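What follows is a single structure, written as structure tokens, with notes after it.
Both ligands and their constituent atoms are indexed starting at 1 by order of listing. None of the values given here were measured: they were computed from a predicted structure.
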Amino acid sequence: MTTPTASSTSYEIRPSSNPRTVTERAEVLADLKFGTVFTDHMAHATWTNQEGWHHRRIEAYGPLQLDPASAVLHYAQEVFEGLKAYAHPDGSVWSFRPEANARRFARSAERLALPQLSEEDFLDSVRQLVHTDVEWVPTTPGSSLYLRPFMFASEAFLGVRAAQRVDYLVIASPVGPYFARGITPVHIWVSEDYTRAAPGGTGAAKCGGNYAASLLPQADAAARGFDQILFLDPSGENIEELGGMNVVVIHADGSASTPRLTGSILEGVTRSSILTLLAEDGRTVTERDIPLAELVDGVRSGEVTEIFACGTAAVVTPIGRLAGTDFDVTVGDGEAGQVTRDVHATLTGIQYGTREDTHGWLTRLV
Ligand SMILES: *Cc1c(COP(=O)(O)O)cnc(C)c1O
């Protein structure tokens, strides 16, 4: 565990003149939906090529004024992160491996030709925002405060080059448990018409453009009656990941495998944490190419016993059914398997402070 240091407040706190009342907040916290309500404040900093990062502030949450020529609106120069703040039974508030998010944010920014924000600056923005809006961290079981740091090109300029003015913000949204009615499996459509990323592209960066490109394939899967889409690599041979979650396969001998990071897969913090936990559990964990044909055969023969998707929002999501143009298979009995359930219990136990954090994965925010 990392406890807070008496860090210098680089973010100037400018309290909102119009925060929600205690009653209004209680009403919101009693009926949580993902990503629809936001806290009273946001963190905000500005970068220019002349001044670097400056004007760090925690200010009232509210609309931004953007010039219509702002580069992000035309060329999608934007990156983001997603992490959560968890209330512990003793009232303290923690986040899970935020330094990993900070480092990934820096890698994403580099790929999108955006300026580097230091790990310290990233953590400070998150800490100051959560500190300011601590009353918004929900305490009902399985709920959390979802944090969305993001950075975008705000320079008003239509030429094609890296912007010389950039804004960085963190907004926060209280969210309820992902699985309100128990861990329910999803049905996955494997896309043969679309790919998500290619070698040398932006697949390993967490950027809005990747998501924009995944919306049509996702809608296509939904129209066929499926919950989510699984993307293949550009050769159409190996599985990669879902639109916003990585994939892990559990085999009958107890081993686990996951697609190796080829540069076109987003390296999830949840993925890496789960691989660590599975290995500590005595399982053989392999990062390799996983051909779709091998996976489908394995599900049919029973060699593959569980498949789950993983990411910060849901932690793990069991995959109960996998289908494409010429196959349709049920994984195991179509329900959440034991390994999936155990991983979910262990990881959420650490995040919510009910299991020992032996890896030093938690950072105290408040
Ligand atoms: C964010 C994201 C993930 C999951 O990453 P976590 O750090 O585990 O939340 C996986 N795939 C994509 C494409 C993502 O954007």
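- For ligand 1, the protein residues within 4.0 angstrom (heavy atoms only) are Arg104, Arg196, Lys206, Tyr211, Glu241, Gly243, Gly244, Met245, Asn246, Leu266, Gly268, Val269, Thr270, Gly311, Thr312.
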Contacts table for residues 150-160: side-chain donor-acceptor under 3.5 angstrom, sequence neighbours left out:
{"unit_1": "Ser154", "atom_1": "OG", "unit_2": "Arg165", "atom_2": "O", "d": "3.4"}
{"unit_1": "Ser154", "atom_1": "OG", "unit_2": "Arg165", "atom_2": "NE", "d": "3.1"}
{"unit_1": "Ser154", "atom_1": "OG", "unit_2": "Asp167", "atom_2": "OD1", "d": "2.6"}
{"unit_1": "Glu155", "atom_1": "OE1", "unit_2": "Arg161", "atom_2": "NH1", "d": "2.9"}
{"unit_1": "Glu155", "atom_1": "OE1", "unit_2": "Gln164", "atom_2": "N", "d": "2.7"}
{"unit_1": "Glu155", "atom_1": "OE2", "unit_2": "Arg161", "atom_2": "NH2", "d": "3.1"}

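- Just one of Tyr146, Trp94, Tyr352 meets the ring-ring contact (aromatic ring centres under 6.0 Å, His included) condition when paired with Tyr86; it is Tyr352.
- Between Phe122 and Tyr168, the ring-plane angle classifies as tilted under the 30° and 60° cut-offs.
- Between the Asn246 side chain and the Leu266 main chain, a donor and an acceptor come within less than 3.5 Å of each other.
- For His251, the NE2 atom is densely surrounded, since the number of other residues' heavy atoms within 6.0 Å is greater than 12.
- The neighbour count for Gln116 CD, taken as heavy atoms of other residues, nucleotides or ligands under 6.0 Å away, is above 12.
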